[in-house]
Amino acid sequence: MRDVPQTDIVGPLQPYANRADAIVDKTIYSLFNAEGEELVRARGWTDLYVCGIATESCVLKTAVDAFERNLTPWLIRDASASHAGQAAHDAGLLVATRFIGAGQLIRVADVPALDAART
């Protein structure tokens, strides 16, 4: 997916997109290409909030890759989906619970930075 509307930010996150200070042209399933690796390292990020299209592939792969790098991935359930439908989305969430833990699957309302931005 390279064009709108496929690349549009989901509605609940749209107000925060303009505040982004980094954009990675992700050309593999995971954030962790050379550019993404460098961004995470340079910023000293330890917690990553992951959401997007293809819960069962891109979102899952990024979350698992973060976990395997001793980072803390937070998969945002209600800001993720699958172009393959609800069953594929649900399968991605199930596999994520096995790889990174059920406690790492959260909702948009649980993201601390978003909660602080509302007040």
All heavy atoms of F99 vs all of F67, minimum pair found to be O-CE2, 3.7 Å

If you draw a 6.0 Å radius around CZ in R98, do more than 12 non-hydrogen atoms from other residues or ligands fall strictly inside? no

Out of curiosity, does V95 fall in the hydrophobic cluster containing I100 (side-chain heavy atoms, cut-off under 4.5 Å, transitive links)? yes

Salt bridge (charged side-chain N to carboxylate O under 4.0 Å, His left out), that's the test. Do E35 and K26 meet it? Break it down for me. CA-CA 8 Å; E35 182 183 1; K26 193 175 78 56; over 6 Å; no

Residue pair T62 / S30: nearest heavy atoms and the distance that separates them: OG1-CA, 3.3 Å

Return the minimal non-hydrogen interatomic distance between S82 and A88, and the atom names on each side. OG-CB, 3.5 Å

How long is the straight-line distance from CZ of R69 back to OG1 of T46, given to the nearest 0.5 Å? 15.0 Å

Using only heavy-atom distances, determine whether the side chains of D90 and Q86 contain a donor-acceptor pair under 3.5 Å. yes

Please find the pair of heavy atoms, one from A84 and one from E56, that lie closest to each other, and give the distance. CB-OE2, 4.2 Å

Hey, quick one: are L71 and V111 part of the same hydrophobic cluster, counting side-chain heavy atoms closer than 4.5 Å, chains of contacts allowed? no

Can you get from V59 to I53 by hopping between Ile, Leu, Val, Met, Phe, Trp and Tyr side chains that sit under 4.5 Å apart? no

Nearest heavy atoms of S80 and C51, plus distance in Å: OG-CA, 3.3 Å

Identified side-chain contact (heavy atoms from CB on, under 4.5 Å) counterpart of L31 within the set V50, D65, V24: V24

Does any N or O in the side chain of Q104 come within less than 3.5 Å of the main-chain N or O of W74, such that one atom is a donor and the other an acceptor? no

Find the distance between CG (L48) and OG1 (T72) and round it off to the nearest 0.5 Å. 8.5 Å

Nearest-0.5 Å distance that lies between atom CG in L60 and atom OG1 in T55: 9.0 Å

Flag yes if L75 and V64 sit in one hydrophobic cluster, no otherwise; membership is Ile, Leu, Val, Met, Phe, Trp, Tyr, and two members link when side-chain heavy atoms are under 4.5 Å apart. yes

So, the side chain of T97 versus the backbone of L94: is there a donor-acceptor pair under 3.5 Å, distance only? yes

